[in-house]
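Predicted model only: the values in this text are computed from it and were never measured. Just so we're on the same page: letters track the sequence lines, and every chain starts at 1.
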Amino acid sequence: MNIRFESQLKNTIASGLKSLYQLNVEASSIILQETKKEFEGDVTLVVFPYTKTSGKSPEQTAQAIGEFVSASDFPLESFNVVKGFLNLSVKKEFWKNYLATISNDHSQLFDPKKTSDENFKPSKLMVEYSSPNTNKPLHLGHVRNNLLGFAVSNVLKACGHEVVMVNLVNDRGIHICKSMLAWLKFGNGETPASTHMKGDHFVGKYYVLYDKKYKAQVEELEKDGVTKEEAERTAPLHVEIQEMLRKWEAGDPETKSLWEKMNNWVYEGFAETYKKLGVSFDKIYYESKTYLLGKEIIQDGVASGAFFKKEDGSVWIDLTEAGLDMKVLLRSDGTSVYITQDMGTAQLRFDEYPGLEKLIYVVGNEQDYHFKVLKEIFRKLKRNWADGLYHLSYGMVDLPSGKMKSREGTVVDADDLIKEIVEEAEMATKAQGKLDDFNSPEAKELYHNLGMSALKYYILKVDPKKRMLFNPAESIDLNGNTGPFISYTYARIRSVLRKGGAMKLEADKFVSHDSSPEEKLLIKQIYQYSVVIKAAADAYSPALVAQYVYDLAKAYNHFYHEHIVVDAEQKDITSFRLHLSEMTSLVISKCMAILGITVPERM
RNA sequence: GAUCUCGUAGCUCAAUUGGAUAGAGCAACUGCCUUCUAAGCAGUAGGUUAUGGGUUCGAUUCCCGUCGGGAUCACCA
């Protein structure tokens, strides 16, 4: 039997439907689902859809199909019918043989070319994520973005696709000028080094300071009887900031060098945070280098009639046909708006990477409208890759106290968060008292990995599309559906393998062992790996991987509790269980790696 | 105001895309360490899936209404 039997089974069922009921169904359209735990069987066919043409009751239809499969070449052990559900069991040996196969050759489990069906083809994809502003440090929202972007990229790679991970840094604009101006006026030449501050926090401090000073000026003017609007426009800082932006766009050397200096401070800070988060990029785009590219596309669009120019010189697109409205693409003074830049970068990327099929933007759902517009723009421009633009729109992160608001100081800083969660992991590990040396570099690494395991799993187990609640107290939990629980299970398996590894026989020596329900369940769970990866890639959802690896860890712990691995009653049983344990550990570490989590050999 | 989106156990999340008796964890309660890591395992309790209708063999899932939360609708980014 083929190591993946589904397509063979589907073909058999399809020909069954044809010969029994003259019903023509595509084999690939037949849906098989895993049999629920409380029933006997491996896969289940729901026959309701076929009862109309069969003219028989659901039970009779299921029975007839079951008998047809039984009589066919398909290696069926048995089947049973419950209402309209046909539960099929494949030959008993199948699962043991499967374990032997993947144990001998891991690529049979992990290589998408060997686990996916014939019509699978790898794609060339690009994932944009992170995309920070260079005026303030990263916060919890960015953390979700970064973890998600990194994990989604890994899921797609694990599914066999070629993935380019990119970051688009928003390094220009009036918000950047604010921190620059504040530093010039009030900084007294201090630097991150002189103040022992992380560069991004240092610059962020001046961004906040600008806002504070500016508000004070506005209030002062209002006291003198000036209206609010007037005050906001005429406040000295506001005038200066406009001037600074103008100078920046004109390429004034002094402004540019200040800008470069401060951005570099921020980049140093970001690099540190990215490193702690364990995320990386193949390529970094800077808006300052791409924001002009969109203008050319806009001129072409005007020429081709996709866009239109108003009398004042501003350029618009009419998207009413697509259910959207009119959208400005270029200001009347000829300067670009936000979307101009995104148009330029998209074009640039498809030019730079020929054959790119999809450009996946990991961006919060507050920008749903923006990305709808972007896609429509390229449809109007008749770019053949327009449909390849995909907005992976994730939900906002809330706190128990409500929404994060920088104005109210309720923003959770990424660096603080990481520091705290790692400290919690350290305390918890010390309380367990299992490590001999708590101060070694390995111990430090363990605390970091465990803390990040908690944080990453906590965030990634939630469906990306959904808004989620971040409860700091809960995120450091170590029990139950958590990263540390899965890490623990891995460490436990590794410990077993260290003890019994020497007793492992050749993989094909254990097939005589008649596996228990716990063992069979575990093998079936491992078997699901490639199915889950495929589903996770299709849905751009690392949450499916998180859910799966948790179920796998639970299945192992259940098995572990019921059976002794090392020194079982017979040598071949020990060997069987060692192979089973090892394959479980490999799948766990693979899934966790996809989530960006490093699992420990001991803890 | 218009458009989009969400509402599942006390809390945080699932539910194989329309399938079986809606599942996990946390919190609560009860058992299990003289065997390979108890950050574990097993059990008890907890639900009118916001609400009212509709579609059908079958609805947490699809459609309509209502209530409630969130987002977006700038020559901001």
J.: With sugar-phosphate meaning primed atoms plus P, OP1 and OP2, does A/Tyr369 contact a base, only sugar-phosphate, or nothing at under 4.0 Å between heavy atoms?
T.: sugar-phosphate
J.: Would you say the base of B/A39 and the side-chain of A/Thr489 have a donor-acceptor pair closer than 3.5 Å?
T.: no
J.: Going by an N to O cut-off under 4.0 Å, is there a salt bridge joining A/Glu426 and A/Lys430?
T.: yes
J.: Does the ring of A/Phe48 lie flat against the base of B/G58, closer than 5.5 Å centre to centre with planes under 30°?
T.: no
J.: Can you tell me how far C1' of B/C57 sits from NZ of A/Lys83, to the nearest Å?
T.: 11 Å
J.: Tell me what A/Tyr560 touches on the nucleic acid: a base, only sugar-phosphate, or nothing, going by heavy atoms under 4.0 Å.
T.: base
J.: Which letters describe nucleotides 4-10 of chain B, given B = protein heavy atom under 4.0 Å from base, S = only from sugar-phosphate, - = neither?
T.: -------
J.: Assign B/C73 to syn or anti; the rule is syn for a glycosidic angle within 90° of 0 and anti otherwise.
T.: anti
J.: Determine the contact category for A/Leu469: base if any of its heavy atoms lies under 4.0 Å from a base atom, sugar-phosphate if only primed atoms, P, OP1 or OP2 are that close, otherwise nothing.
T.: sugar-phosphate
J.: Has A/Phe85 got its ring stacked on the base of B/A20, with centres under 5.5 Å and planes less than 30° apart?
T.: yes
J.: Measuring only the C1' atom in each nucleotide, how far is B/C4 from B/A20? A whole number of Å is fine.
T.: 35 Å
J.: Output the single nucleotide from B/A39, B/G19, B/A15 whose closest atom is nearest the side chain of A/Leu478.
T.: B/A39
J.: When you check the gap from the basic side-chain N to the acidic O, do A/Asp368 and A/Lys372 get nearer than 4.0 Å?
T.: no
J.: Separation of A/Lys571 atom NZ from B/C36 atom P, in whole Å?
T.: 21 Å
J.: So A/Val337, base contact, sugar-phosphate only, or nothing? Heavy-atom distance under 4.0 Å.
T.: sugar-phosphate
J.: If the C1' atom of B/U8 is compared with that of B/A24, how far apart are they to the nearest Å?
T.: 13 Å
J.: How many Å lie between CG on A/Asp567 and P on B/U35, as a whole number?
T.: 14 Å
J.: Ignoring hydrogens and angles, does a donor from either the side chain of A/Ser332 or the base of B/C75 sit under 3.5 Å from an acceptor on the other?
T.: yes
J.: Report yes or no: do A/Thr134 and A/Asn263 form a side-chain donor-acceptor pair below 3.5 Å?
T.: yes
J.: Which nucleotide in the list B/U35, B/G19, B/A39 gets nearest to the side chain of A/Ala428?
T.: B/A39
J.: Mind telling me whether A/Phe85 and A/Phe48 have parallel, tilted or perpendicular rings, with 30° and 60° as the class edges?
T.: perpendicular
J.: Tell me if the side-chain of A/Asn87 makes a donor-acceptor pair with the base of B/A20, cut-off 3.5 Å, by modelled atom types.
T.: yes
J.: Side chain of A/Val82 only, please: which of B/A20, B/G40, B/G25 is the nearest?
T.: B/A20
J.: Starting at atom CD of A/Gln367, determine the distance to atom C1' of B/A77, rounded to an integer number of angstrom.
T.: 8 Å
J.: Within this structure, what is the CZ-to-P distance between A/Arg467 and B/G70, rounded to whole angstrom?
T.: 8 Å
J.: Does RNA chain B take part in any stems of at least 3 consecutive Watson-Crick or G-U pairs (both distances under 3.5 Å), and if so, which ones?
T.: B:1-7 with B:67-73, B:10-13 with B:23-26, B:28-32 with B:40-44, B:50-54 with B:62-66
J.: Would you kindly give the NZ-to-C1' distance between A/Lys465 and B/U17, to the nearest whole Å?
T.: 10 Å
J.: Could you check which of B/A39, B/C76, B/G40 has an atom nearest any side-chain atom of A/Arg492?
T.: B/G40
J.: Measuring from the side chain of A/Asn479 (C-beta onward, heavy atoms only), which nucleotide among B/C36, B/U37, B/G40 has the closest atom?
T.: B/G40
J.: Please give the distance between the C1' atoms of B/U60 and B/G47 as a whole number of Å.
T.: 12 Å
J.: Apply the syn/anti split at 90° from 0 to B/U35 and say which one it is.
T.: anti
J.: Please report the distance separating the P of B/A15 from the corresponding atom of B/C62, rounded so that it comes out in whole Å.
T.: 13 Å
J.: Hydrogens and angles aside, do A/Asn170 and A/Asn133 bring a side-chain donor and acceptor to less than 3.5 Å of each other?
T.: yes
J.: Which residue, A/Leu446 or A/His370, contacts RNA chain B at a nucleotide closer to its 5' end, judged by nearest heavy atom?
T.: A/Leu446
J.: Distance only, no hydrogens: is a donor on one side chain within 3.5 Å (strictly under) of an acceptor on the other, for A/Glu582 and A/Ser585?
T.: no
J.: Measuring from the side chain of A/Tyr488 (C-beta onward, heavy atoms only), which nucleotide among B/U72, B/U37, B/A42 has the closest atom?
T.: B/U37
J.: So which nucleotide from B/C11, B/C57, B/A20 ends up closest to the side chain of A/Thr35?
T.: B/A20
J.: Whole Å only: how far is the CG atom of A/Asn135 from the P atom of B/A77?
T.: 13 Å
J.: A quick test of your reading: do over 12 heavy atoms of other residues, nucleotides or ligands sit less than 6.0 Å from CD of A/Glu38?
T.: yes
J.: Within this structure, what is the OH-to-P distance between A/Tyr338 and B/C73, rounded to whole angstrom?
T.: 12 Å
J.: Of the options B/U12, B/U35, B/A77, whose atoms approach the side-chain atoms of A/Arg331 most closely?
T.: B/A77
